[in-house]
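Below, each value reflects all heavy atoms present in this structure, side chains not excepted, and no hydrogens, waters or symmetry copies.
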Amino acid sequence: MTLSERGRRAVAGGAVSLLGALLLLVPLFDMWQDVAVPPHKSLLSTTVENAVPLGLALVLVVTGVWLATRPWPARDALAVTKWTYAVSLGFGVVFAWVIGIQGFVQGDLKPLVIAMDAVLIGGLVAVAVGFYDVRRRRQRRETEHARARTSALFDNTDDDVATLRLASDGVETLATNAAFDANFDRAPAVLSRVIDAADTDSRAAFVRAVADGDPFEVEVELDDRGERREFIAQIVPYEADGDAAELFLVLTDVTEQKELARERVARSRIEHLHTVASEMANAPDADAAYDLTMSAAERVVPYDRACLSVDGETVRTRNADGPLDAAAADEAGGESRPLVETDGGAMVTDTDAGPVVTVPVGGRGVLQLGARPGALDESRTDAVELLATHLRETLRRLDREETIRHEREQMEFLNRVLRHDLLNGMNVVRMQGQLLESETDDEAVLERVDTVIDRVDSMTELINTMRSFMKTVLEGASTNSNRWRSTTRSRRPSSRHGTATPGRRSRWRAASSRP
């Protein structure tokens, strides 16, 4: 079982305090010996003699306590403990060597020499500490110069830049440029949002990654003076110190670029729907229109489930047996209320399987798409509404074509009736008039027969004209009335039966030529 960070710090601080307590026993023992063992010395003199060792030992004890409570990384606390024991052991070895040689080899202890050796060792340690301190100071100055140069560079950029020190126990702001100050209040809070957007396992893991010098970037939404904007956040570590690191946080505002990109995508989506509208305009039947709708919907909204209902019947589905959200479908246009007659009215609902967008298809039905998480936005919803509008217009066109087809069949039937029944009846009347004309010489009767035959010819001409007109309407032909009239006349007989006199034939021709 491993110790926590606090436990490791406590062990490190306790070890330093223990060393201080052990070393404290040496001056205390000397003071006791001076006072209790003859020749007795005064307590004041022995206290003054051991004041420095007592103070140094107490400093070690207090330092250990301070180290245990200091919110440092445990590795730093342990490093201090290792150095303390290493230096103390080094001093002990040197003095043991000197005292051993003097006491056991030479048989004469020389306190002055021992003291000078202590001064010499202290001087060497001081030189080492001085070199280490100078090196640290130079590194810090170089870091500060580099930071100053970088800060000067960042002061001339529009990006928001902050310099921070990141450790496992907190974040310290070192510097910020003018753009950052104008847009954000606290750099640590911004860094915390960036860490959340990075989706790391833990904050400590993120700190370790940055301390290892690993730069990264992530997209994040931030509150820029009350306005939600999109940024690309870059973390650039430039100095690592144990579990801590100093870094640059660079925020690049990409809100406008993102909006332009979304507009381009939306424009492309609308252009595709215009193409679909053209294809629907040529759809031969409703089934083809349904297939085009389902195909186009996949370009508009990436979906994994779909249902299209028209006139109370489910006509197309994708990975579904029926409506994806029955309540939403009913609200948009189910059996409990009239179908929505207007365009628009899209609804987005959350179901156990994910978000569902429901769009009424005019007054005919409902289109439902089960979108993938995060795939729905306002532009996609508008595009689905437009697609439903195209389908509605296509169904209306097909209905009109069906109505026209039915009316055309009725007109064709009427045309057949006029052509066969009425014309046949007029021919019978005309033939009977001709027979009557051939069987009488009565001028009054002949005049009436001429009138009857003239009216029959006029009616025949009118019927033929109407038949040609209906044929033109039905077949799209364009024939002028003179051609209809000449065509009709060409079908008349050029004379009556052979028993008619030449005068009468002339009279028949004159009568037939009347309008």
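Between the CD atom of Glu443 and the CZ atom of Arg448 there is a distance of 12.0 Å, given to the nearest 0.5 Å. In this structure, CG on Leu391 lies 11.0 Å from CZ on Arg396, to the nearest 0.5 angstrom. The CZ atom of Arg430 sits 8.0 Å away from the CG atom of Asn427 when rounded to the nearest 0.5 Å. With rounding to the nearest 0.5 angstrom, the CG atom of Leu387 is 5.5 Å from the CE atom of Met280. Rounding to the nearest 0.5 angstrom, the gap separating the CD1 atom in Ile235 from the CD1 atom in Ile195 is 7.0 Å. Separating the CE atom in Met459 from the OG1 atom in Thr465 is a distance of 12.5 Å, to the nearest 0.5 Å.
Counting non-hydrogen atoms of neighbouring residues, nucleotides and ligands closer than 6.0 angstrom, the CZ atom of Arg455 reaches no more than 12 such neighbours.
Taking the side-chain hydrogen bond (donor to acceptor under 3.5 Å, both in side chains) definition, one finds that Asp382 meets it with nothing, sequence neighbours left out. For Thr293, there are no side-chain hydrogen bond (donor to acceptor under 3.5 Å, both in side chains) partners, not counting sequence neighbours. The salt bridge (Lys or Arg N to Asp or Glu O under 4.0 Å) test applied to Arg397 returns Glu401, not counting sequence neighbours. Legend: residues meeting salt bridge (Lys or Arg N to Asp or Glu O under 4.0 Å) with Glu219, ordered by chain and number and at least two apart, are Lys258. Remark: Glu402 engages Arg405 in a salt bridge (Lys or Arg N to Asp or Glu O under 4.0 Å) (not counting sequence neighbours). For Val429, the side-chain contact (heavy atoms from CB on, under 4.5 Å) partners at least two apart in sequence or on another chain are Val452, Val456. A search for side-chain contact (heavy atoms from CB on, under 4.5 Å) contacts involving Leu222 returns Phe184, Val190, Arg193, Val220, Phe231, Leu251, not counting sequence neighbours. Legend: residues meeting side-chain hydrogen bond (donor to acceptor under 3.5 Å, both in side chains) with Ser295, ordered by chain and number and at least two apart, are absent. For Ala306, the side-chain contact (heavy atoms from CB on, under 4.5 Å) criterion is met by Met294, Tyr303, Arg318, Leu369, not counting sequence neighbours. By the side-chain contact (heavy atoms from CB on, under 4.5 Å) test, Ala326 pairs with no residue at all, sequence neighbours left out. Looking at residues two or more places apart in sequence or on another chain, you find a salt bridge (Lys or Arg N to Asp or Glu O under 4.0 Å) between Asp399 and Arg364.
Judged by distance alone, the side chain of Asn177 and the main-chain N or O of Asp159 form a donor-acceptor pair under 3.5 Å. Under a 3.5 Å cut-off, the side chain of Arg165 and the backbone N or O of Leu174 do not form any donor-acceptor pair. A distance-only check finds a donor-acceptor pair linking the side chain of Gln368 to the backbone of Leu324 [under 3.5 Å]. A donor-acceptor distance shorter than 3.5 angstrom exists from the side chain of Thr394 to the backbone of His390, with no hydrogens or angles considered. In this structure, the side chain of Asn319 does not engage the main chain of Arg305 through any donor-acceptor pair within 3.5 Å. Between the side chain of Thr255 and the backbone N or O of Glu230 there is at least one donor-acceptor pair closer than 3.5 Å.
When all heavy atoms of Ala162 and Thr176 are compared, the closest pair comes out as CB-CG2, 3.7 Å. Heavy-atom minimum distance, Arg392 versus Val361: N-CG1, 3.9 Å. The shortest non-hydrogen separation linking Leu249 to Ala233 is CD1-CB, 4.4 Å. The two residues Ala388 and Val359 come nearest to each other via the heavy atoms CB-CG1, 3.6 Å. Closest heavy-atom contact between Leu164 and Ala187: CD2-CB, 3.7 Å. When every heavy atom of Leu398 is checked against every heavy atom of Pro284, the shortest pair comes out as CD2-O, 3.9 Å.
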message: Could you walk me through whether Phe248 and Thr163 satisfy the side chain to side chain contact (heavy atoms under 4.5 Å, CB included) test, starting with their C-alpha distance in whole Å, then the side-chain angles of each, then the deciding distance to 0.1 Å, before giving a yes or no?
response: CA-CA 5 Å; Phe248 291 112; Thr163 307; 3.3 Å; yes

- request: Please assess Thr317 against Leu308 for the test side chain to side chain contact (heavy atoms under 4.5 Å, CB included), listing each intermediate value before the final yes or no.
  value: CA-CA 6 Å; Thr317 60; Leu308 175 60; over 6 Å; no

message: What verdict does the side chain to side chain contact (heavy atoms under 4.5 Å, CB included) test give for Ser309 and Val315, after you've listed the backbone C-alpha separation in whole Å, the side-chain angles of each residue and the deciding distance to 0.1 Å?
response: CA-CA 6 Å; Ser309 301; Val315 296; over 6 Å; no

query: Passes side chain to side chain contact (heavy atoms under 4.5 Å, CB included), Glu461 versus Asp457? Steps please.
result: CA-CA 6 Å; Glu461 182 178 2; Asp457 288 343; over 6 Å; no

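Contacts classified as side-chain hydrogen bond (donor to acceptor under 3.5 Å, both in side chains) and involving residues 345-356 (residues at least two apart or in different chains) are given here: Asp325-Thr349.
At a threshold of 4.0 Å, the pair Asp287-Arg316 counts as salt-bridged, since one of the basic side-chain nitrogens sits closer than that to a carboxylate oxygen.
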